[in-house]
Amino acid sequence: MPRFTFKKEEKLKSKRLIDALFSEGNSITRFPLKLIYLPAKLPEDTLIQAGVSVPKRRFKLAVKRNRIKRLMREAYRLNKHLVFNKMQTSYAFMFLYLANEEPDLHQLNKTMQQLLHQLLKRTHHEKESG
RNA sequence: UCAGCAGGCCACCUUAUCGCUUUGUGCUGAAACAAGUUCAGGACAGGGAGGAAAGUCCGGACACCAUAGUGCAGCAUAGCGGGUAACGCCCGUCCCCCGGGUACUCGGGGAGGACCAGUGCAACAGAAAGCAAGUACAGUUCGGCUGUAGUGAAAUCAGGUAAACUCUAUGCGGUGCAACGCCAUGUAAACCCAUGUCCCGACAGCUAUCGGGAGAGAGCGGCACGUUCGAUGUGGGAGGGUAGGCGGUUAGAGGUGGUUGGUAACAACUAUCCGAGAUAAAUGAUAAGGAGGUUCUGAACCAAGUUCAGAAUUCACAGAAUCCGGCUUAUGGCCUGCUUUUAUU
């Protein structure tokens with residue numbers, strides 16, 4: 001039984017890492033989510049740092065952006081065990097929300113699972129080829 | 001019953017599971033023997049968005065720049081009096097306007113100082129509303145001098161207008177918690193260029209030091225004064241680094257009740273209660289049940305409608321970022337009072 005936690009240490013906060021993520025990171029899109037990922041050097045005992053982002057352009061109200069970010073964090077929290085024990089290197093993640101409508105958790109959960117599975121495949125492939 | 005106005009209140013609730021943040025308590029492990037401290041982990045208990053948190057439009061607190069100084073410029077305010085830390089806010093009152101009502105009140109609104117300091121502007125009508133003209137008739141001391149008529153609110157006589165310049169009075173220094181202080185990292189008082197100290201005294205002399213004077217230059221939002229710093233200074237340039245932690249940071253011009261003063265805003269005293277502190281930014285997610293609102297259907301009652309039952313829908317505006325007092329804007333519902341409309345007896 002995995003523990004579904006998402007603590008401070010696992011949140012992506014460093015501005016430098018985020019900049020690097022946006023300029024050098026690879027991405028997987030599975031509508032309405034987009035995952036940008038990059039191998040990163042993180043503090044000890046931390047495998048992955050993840051952040052979420054909702055563009056202000058699509059959602060003008062802070063209340064709606066907050067709500068979507070909370071749902072995204074929840075979806076990540078409940079599904080991160082899919083990748084957590086199967087990665088050797090540490091990664092930085094950033095999830096972007098692409099749609100114009102507010103989502104519900106079930107749909108988001110499904111998308112998140114697909115996204116993480118695809119990520120595992122992708123990283124495996126990269127390792128073998130590289 | 002319908003609509004309007006004024007005032008007040010609420011801002012879904014409960015349970016379960018999984019989470020986030022913060023405070024406290026004790027536990028386990030690690031770091032040196034003890035006290036204690038630090039780090040990590042998990043346990044238990046408590047706290048965890050708003051009436052507008054919003055717009056950032058005013059006013060303060062606080063911090064730094066000089067204890068924020070004088071004049072000009074600039075900006076703001078505008079009857080009178082009071083409240084307040086302060087205000088452009090609030091209360092009272094006078095005047096004016098509008099609406100009811102009616103002979104005295106009620107409700108609403110008002111950027112309500114000054115146009116006998118100067119400048120400007122003025123629809124229609126009119127010859128003419130200030131730099132250029134002057135119609136008709138009458139009277140004349142024969143001067144286009146006087147009166148009348150005509151237009152208009154107002155005609156060489158003044159008047160209107162200051163959300164027109166302006167004047168008067170009063171107030172206002174600037175930048176904002178990304179303020180500011182400390183620690184860590186960093187060759188970091190680094191590198192390159194430009195420019196920049198003299199005089200007198202204290203010792204017999206040089207350096208250094210001390211006291212006094214001058215001083216290029218620089219800071220103080222603009223200008224002038226003034227003032228402060230001032231040679232281990234000042235200004236500029238290129239490149240590079242950091243962009244992390246702690247403090248500030250949440251208890252306050254706080255809420256509620258009572259007493260007293262006051263027409264009131266409010267104040268004083270007293271009792272009691274409460275207390276978000278995140279930082280790519282916590283305060284949530286899911287499920288079930290319930291309350292309320294809305295819509296639809298059915299039934300009962302004399303009616304507009306009300307009540308009851310069932311179904312559908314979880315649904316207003318909206319997210320703290322240093323903190324307060326206001327204003328403005330957005331918005332769901334409930335209650336009270338007044339006025340109006342309609343219906344029934």
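Lettering of chains follows the sequences in order, A, B, ..., and the numbering in each one begins at 1.
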Legend entry - hydrophobic_cluster_shared for Leu71(A) and Leu61(A), side chain cutoff 4.5 Å: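 No, no single cluster joins them.
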Check side chain to side chain contact (heavy atoms under 4.5 Å, CB included) between [X] and all other residues, then give those that pass, not counting sequence neighbours.
{"X": "Lys34(A)", "result": "Ser27(A), Thr29(A), Leu96(A), Leu98(A)"}
{"X": "Ile68(A)", "result": "Val54(A), Phe59(A), Met72(A), Tyr97(A), Glu102(A), Pro103(A)"}
{"X": "Gln114(A)", "result": "Arg30(A)"}

Legend entry - Residue mapping more 5' on RNA chain B - nearest nucleotide basis, Lys64(A) or Gly51(A):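 Nearest nucleotide further toward 5': that of Gly51(A).
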Inset, instruction - Check ring-ring contact (aromatic ring centres under 6.0 Å, His included) between Tyr76(A) and all other residues, then give those that pass, not counting sequence neighbours. - result: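 Phe6(A), Phe95(A).
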How close or far is atom [atom2] of [N] from atom [atom1] of [X], stated in whole angstroms?
{"X": "Asn66(A)", "N": "U21(B)", "atom1": "CG", "atom2": "P", "answer": "16 Å"}
{"X": "Arg65(A)", "N": "G284(B)", "atom1": "CZ", "atom2": "P", "answer": "17 Å"}
{"X": "Phe95(A)", "N": "A280(B)", "atom1": "CZ", "atom2": "P", "answer": "18 Å"}
{"X": "Gln49(A)", "N": "A281(B)", "atom1": "CD", "atom2": "P", "answer": "11 Å"}

Legend entry - Leu35(A) and Met94(A), any side-chain heavy atoms less than 4.5 Å apart: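 Side chain of Met94(A) against side chain of Leu35(A), heavy atoms only: no contact under 4.5 Å found.
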Inset, instruction - Taking the side chain as every heavy atom from C-beta outward, state whether Asn26(A) and Ile36(A) have any pair of such atoms under 4.5 Å apart. - result: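 Sidechains of Ile36(A) and Asn26(A): no contact.
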Inset, instruction - Please list all pairs passing the salt bridge (Lys or Arg N to Asp or Glu O under 4.0 Å) test where one or both residues lie in residues 55-69 of chain A, with sequence neighbours left out. - result: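 Sorted pair list comes back empty.
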Legend entry - Span that lies between the C1' atom of A127(B) and that of G144(B), in whole angstrom: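 G144(B) and A127(B) have their C1' atoms separated by 15 Å.
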Please write out the pairs of protein N or O atoms and N or O atoms of nucleotides 53-56 of chain B separated by less than 3.5 Å, giving the distance to one decimal.
none

If pairing requires Watson-Crick or G-U wobble contacts with both distances under 3.5 Å, which nucleotide is the partner of [N]?
{"N": "A311(B)", "result": "U295(B)"}
{"N": "G337(B)", "result": "C5(B)"}
{"N": "G305(B)", "result": "C301(B)"}

Legend entry - Qualifying residues under side chain to side chain donor-acceptor pair (under 3.5 Å), relative to Asn109(A), sequence neighbours excluded: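 Testing Asn109(A) for side chain to side chain donor-acceptor pair (under 3.5 Å), a comparison that skips the adjacent residues, returns Asn79(A).
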Inset, instruction - Could you list by number each residue of residues 54-62 of chain A showing a heavy-atom separation from RNA chain B of less than 4.0 Å, or answer none if no residue does? - result: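 Leu61(A), Ala62(A) - these, ordered by number, are the residues of the stretch whose heavy atoms sit under 4.0 Å from the strand.
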Restricting to nitrogen or oxygen on both sides, can you table the protein-nucleotides 285-288 of chain B pairs closer than 3.5 Å?
| residue | atom | partner | partner atom | Å |
| --- | --- | --- | --- | --- |
| A285(B) | OP1 | Arg67(A) | NH1 | 2.5 |

